[in-house]
Amino acid sequence: MRRLIILFALIVSALLGNAQDNLVTNIGARKSVSLNGSWQYIVDPYETGFYDYRYKELNEKNGDAYWNTDVPANKTEKKEHGYNDKYTLQVPGDWNHQKPEFLYYEGTVWYKKSFDFHAADKATLYYLYFGAVNYRADVYLNGKKLGMHKGGFTPFNFEVPASLLKEKGNFLVVKVDNKRYADEVPTLNTDWWNYGGITRDVKLVELPQSYIQDYVIQLKKPVAGKAPGANPEVSGWVKLHNAGNGQNISITIQGLNFKKQFIATGDSTPIKFNLPKVQLWSPEHPTLYKVNIATNSDKVEDKIGFRTIEAYGKQVLLNGKPIFMRGICIHGEIPQEIRRAYGTEDALHLLNQAHELGCNMVRLAHYPHDEAMTRTADSLGIMVWSEISVYWTINFGSADVLNKAKAQLREMITRDHNRASIIIWSVGNETPISQTRTDFMHSLITAAKSMDSTRMVSAALEVNYAALNNVNVVDDPLGQFVDLVAFNEYLGWYGGLPDQCRKTNWTTPYNKPLFISETGAEAKGGFHVDSLTRFDEEFQEWYYKEQVAMLKRMPDNYVGISPWVLNDFRSPKRNNPVYQEGWNRKGLYDDKGNKKKAFYILQDYYNDIKKKDTPTK
């Protein structure tokens with residue numbers, strides 16, 4: 001009996017927590033009602049709206065004080081609880097920057113949004129879509145629990161029964177909990193701010209009974225080392241919800257005078273066709289085509305770029321040609337306003353900063369960023385490393401944690417598998433070497449490749465500074481499984497002084513491209529003494545000068561670098577009372593948006609590389 005109860009609990013948990021299997025993609029192109037804006041809230045640090053005094057989860061009937069506003073206050077035992085406009089938060093947005101009392105808050109906040117809604121017709125399906133909620137979200141509509149989702153940086157949606165929606169007075173309640181736990185992803189210990197809240201868009205989406213749920217329309221991976229050719233092949237699929245028999249699927253690509261039809265073969269239909277005269281996507285020519293997908297009952301439009309990417313021998317090939325990645329790491333944060341980044345305006349701000357630095361690539365650390373970032377990168381021609389938050393000391397021995405990581409990986413790839421800008425899926429950062437960890441990470445790499453075989457898969461490996469020599473070998477056993485051997489090194493900040501770089505060289509035993517996924521030193525913007533004083537701009541400037549000199553001696557499989565980091569960002573781990581004050585100061589921009597002296601050292605290095613890589617006419 002006990003085993004049956006446990007099995008039932010696991011099944012229920014899967015049904016409530018794994019909305020990603022039914023994720024609807026390209027939400028921006030769907031008919032929807034935005035539920036962004038002002039939401040009422042209740043702070044609930046002891047979760048008294050979710051658990052009773054014996055810490056057992058309340059059911060929908062006796063938990064109504066927090067989410068069921070149809071019940072008058074004088075009809076519930078919890079008279080002290082209720083929503084009003086005195087307590088409101090903006091969505092999307094983290095709660096930390098909106099109220100001073102929320103600065104360090106980790107716990108539960110109940111959000112409530114009231115709205116009216118005119119239903120279309122009986123043939124319409126409805127979904128509640130969330131771009132991201134950090135970390136756990138329990139979602140209730142008009143007193144009915146729709147489901148639960150874990151994962152602070154990936155989208156999810158729940159189907160809404162049409163009978164549940166009303167013309168007037170709908171109320172949506174979301175229990176948001178950003179507490180950290182040892183068996184979650186990420187785990188307890190991270191080096192970034194744990195922004196809580198409904199941090200991305202919320203939409204009520206209308207779809208027909210049979211609709212286009214997802215699709216992949218990308219160039220087929222070419223023969224290893226070869227360019228796509230003049231007539232490249234597109235290989236992918238279209239996934240329909242309630243496909244029915246004999247549905248027509250048509251694909252039209254504007255600008256190429258292309259149209260082709262397919263007959264649906266079940267819920268997922270393979271598609272193949274050739275694209276003559278296509279302009280391949282690249283940083284120099286970020287060409288995007290309007291792609292229309294239509295069925296008998298639905299249609300959707302997307303902007304898609306076509307390109308190939310692969311690790312081949314010691315090089316990374318974009319469209320069959322070697323490319324050097326002039327990168328920078330970026331946190332999803334706007335430091336000037338001390339808040340989580342979201343939307344196109346923030347994406348343009350951050351990516352234009354990277355563009356001014358001379359970047360053709362960004363590493364979006366250490367979690368999937370807002371969808372606006374990857375779509376904007378598409379339009380600007382900036383290549384992207386996209387990562388899940390498997391970070392430092394994840395519980396690598398837990399099958400449950402592995403499943404949570406795989407769910408986040410699946411949600412990240414599902415949302416963005418049509419983005420030309422994304423060239424690398426990363427399964428983690430600086431994970432300590434052990435057989436258990438390697439098995440865990442290898443499983444993630446295998447999962448990523450099974451979901452998408454057209455991109456590189458990697459992870460940011462760690463350097464042991466206590467074992468540094470004049471020649472340092474990046475020999476993490478995970479190197480045999482990744483496509484790109486990427487490593488983080490801070491020689492001169494964590495390992496001696498910057499002049500240590502003068503006698504240091506790097507190599508790897510793997511016959512693969514070598515990429516420096518992090519390097520950097522801290523400097524408080526505007527603090528100037530001399531190059532030997534840590535935390536001043538001159539020390540950071542010296543650090544980058546020595547790094548650049550070292551980089552010029554890198555082996556022939558060195559294919560790029562993404563220094564740490566574009567902007568100063570908040571971190572509770574950075575507590576020096578004079579120079580940090582809760583900020584990681586490794587940014588090339590300070591928290592006020594000012595460039596530090598090191599910015600220009602890296603910019604000059606990138607400009608020199610760009611000149612060498614640009615063919616003369």
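In this chain, residues are counted from 1 in sequence order. Scope of the values below: all heavy atoms of this structure, side chains included, with no hydrogens, waters or symmetry mates.
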*Applying salt bridge (charged side-chain N to carboxylate O under 4.0 Å, His left out), name anything that partners Asp590, two or more places apart in sequence or on another chain.*
none

_To the closest 0.5 Å, what do you measure between CD1 (Ile323) and CG (Asn360)?_
5.0 Å

*Roughly how far, to the nearest 0.5 Å, is NZ of Lys404 from CD1 of Ile394?*
9.5 Å

_Check Arg585 with Asp568, please: is the shortest side-chain N to carboxylate O separation under 4.0 Å?_
yes

_Taking the side chain as everything from C-beta on, heavy atoms only, tell me whether Asn429 gets closer than 4.5 Å to Val390._
no

*asked:* With heavy-atom distances below 4.5 Å as the criterion, would you say the side chains of Leu103 and Arg570 are in contact?
replied: yes

*Kindly indicate whether the side chain of Val473, heavy atoms from C-beta on, has any atom under 4.5 Å from the side chain of Pro509.*
yes

_Given 3.5 Å as the limit, does a donor-acceptor pair link the side chain of Asn594 with the main chain of Gly525, or not?_
no

*Going by atom types alone, do Glu106 and Asn194 pair a side-chain donor with an acceptor below 3.5 Å?*
yes

*asked:* Between Ser571 (side chain only) and Lys573 (backbone N and O only), is there a donor and an acceptor less than 3.5 Å apart?
replied: yes

*Do other residues, nucleotides or ligands put more than 12 heavy atoms under 6.0 Å from Lys303 NZ?*
no

*Give a yes or no answer on whether the side chain of Ser562 reaches the backbone of Arg363 with a donor-acceptor pair at less than 3.5 Å.*
no

_Going by salt bridge (charged side-chain N to carboxylate O under 4.0 Å, His left out), name the residues that satisfy it together with Glu522, two or more places apart in sequence or in a different chain._
Arg574, Lys586

*asked:* When you compare the side chains of Gln279 and Thr287, does any donor N or O come within less than 3.5 Å of an acceptor on the partner?
replied: no

*Would you say Asp346's side chain and Gly343's backbone share a donor-acceptor pair under 3.5 angstrom?*
no

*Could you give the distance from NZ (Lys610) to CZ (Arg326), rounded to the nearest 0.5 Å?*
5.5 Å

*Indicate yes or no: does Lys597 engage Glu538 in a salt bridge with an N to O separation below 4.0 Å.*
yes

_Is it the case that the side chain of Asp94 and the backbone of Gly197 share a donor-acceptor pair, with hydrogens and angles ignored and the cut-off at 3.5 Å?_
no

*Determine, stepwise, if the pair Lys595 / Glu356 fulfils salt bridge (charged side-chain N to carboxylate O under 4.0 Å, His left out).*
CA-CA 11 Å; Lys595 299 183 185 74; Glu356 185 177 359; 3.1 Å; yes

*pair Asn36-Val202: side-chain heavy atoms closer than 4.5 Å*: yes

*Qualifying residue for ring-ring contact (aromatic ring centres under 6.0 Å, His included) with Trp193, from Tyr367, Tyr104, Tyr105, Phe569*: Tyr104

*Please answer whether the main-chain N or O of Ala420 pairs with a side-chain N or O of Asp378 as donor and acceptor at a distance below 3.5 Å.*
yes

*Indicate yes or no: at least one non-hydrogen side-chain atom of Glu546 is less than 4.5 angstrom from one of Asp499.*
yes

_Quick check: Tyr111 with Tyr41 (ring centres under 6.0 Å apart)?_
no

*Contact summary for Glu462 and Glu430, nearest pair of heavy atoms*: OE1-O, 4.0 Å

*When rounded to the nearest 0.5 angstrom, what is the spacing between CZ in Arg419 and CD1 in Ile413?*
14.5 Å

*asked:* Salt bridge or not between Arg375 and Asp302? Use side-chain N to carboxylate O under 4.0 Å.
replied: yes

*Criterion side-chain contact (heavy atoms from CB on, under 4.5 Å) on Val384 and Leu364, from CA distance to verdict*: CA-CA 7 Å; Val384 170; Leu364 301 183; 3.7 Å; yes

_Are Phe440 and His442 an aromatic pair, judged by ring center distance below 6.0 Å?_
no

*How long is the span from the SG atom in Cys501 to the CG atom in Leu497, to the nearest 0.5 Å?*
10.0 Å

_With ring-ring contact (aromatic ring centres under 6.0 Å, His included) as the test, pick out the partner of Trp493 among Tyr465, Trp564, Phe535, Tyr543._
Phe535

*Could you walk me through whether Asp556 and Lys314 pass the salt bridge (charged side-chain N to carboxylate O under 4.0 Å, His left out) test, one step at a time?*
CA-CA 7 Å; Asp556 59 0; Lys314 296 181 178 181; 3.6 Å; yes

*Have Asn567 and Gln353 got a donor and an acceptor in their side chains that come within less than 3.5 Å?*
yes

_Is it the case that the side chain of Glu310 and the backbone of Gly225 share a donor-acceptor pair, with hydrogens and angles ignored and the cut-off at 3.5 Å?_
yes

*Check the angle between the aromatic planes of Phe102 and Trp95 and answer parallel, tilted or perpendicular using the 30° and 60° thresholds.*
tilted

_Looking at every heavy atom in both Ala459 and Leu478, which two are closest together, and how far apart are they?_
CB-CD2, 4.1 Å

_Validation row: Glu489, Ile516 side chains within 4.5 angstrom (heavy atoms)_ = yes

*Fit a plane to each ring of Phe539 and Trp542, take the angle between them on a 0 to 90° scale, and name the class: parallel (under 30°), tilted (30 to 60°) or perpendicular (over 60°).*
perpendicular

*asked:* Salt bridge check, Glu101 against Lys99: does any charged N sit closer than 4.0 Å to a carboxylate O?
replied: no

_Pair Glu184-Arg136, salt bridge (charged side-chain N to carboxylate O under 4.0 Å, His left out): steps then yes or no_ = CA-CA 10 Å; Glu184 298 296 342; Arg136 169 173 169 158; over 6 Å; no

*asked:* Is it true that Gln547 and Thr519 share a donor-acceptor pair across their side chains at a distance under 3.5 Å?
replied: yes

_Electrostatic pair Arg339-Glu333, nearest N-O below 4.0 angstrom_ = no

*Contact summary for Gly152 and Asn134, nearest pair of heavy atoms*: CA-OD1, 3.5 Å

*Spell out, as yes or no, whether a donor-acceptor pair under 3.5 Å connects the side chain of Gln315 to the backbone of Asn557.*
no

*Would you say Val482 and Leu461 make side-chain contact, with heavy atoms under 4.5 Å?*
no

*Tyr606 and Ile561: which non-hydrogen atoms are nearest, and at how many Å?*
OH-O, 3.3 Å

*Are side-chain heavy atoms of Tyr544 and Pro498 found at a separation under 4.5 Å?*
no

_Exam field: side chain Thr88 to backbone Trp39, donor-acceptor pair closer than 3.5 Å_ = no

*asked:* To check you understand the geometry: which heavy-atom pair defines the closest contact between Leu484 and Pro513, and what is its length?
replied: CD1-CB, 3.5 Å

*Are Phe324 and Tyr558 near enough that their ring centres are under 6.0 Å apart?*
yes

*Partners of Tyr391 by ring pair (Phe, Tyr, Trp, His ring centres under 6.0 Å), sequence neighbours excluded?*
Trp192, His366

*Working to the nearest 0.5 Å, report the span between CH2 of Trp583 and NZ of Lys524.*
11.5 Å

*asked:* Between Lys596 and Asp536, is the salt bridge (charged side-chain N to carboxylate O under 4.0 Å, His left out) condition met? List the steps.
replied: CA-CA 10 Å; Lys596 302 177 190 176; Asp536 76 350; over 6 Å; no

_Under 3.5 Å: donor-acceptor pair, side chain of Thr533, backbone of Val529_ = no

_For Ala405 versus Leu444, what's the shortest heavy-atom pair and its separation?_
CB-CD2, 3.9 Å

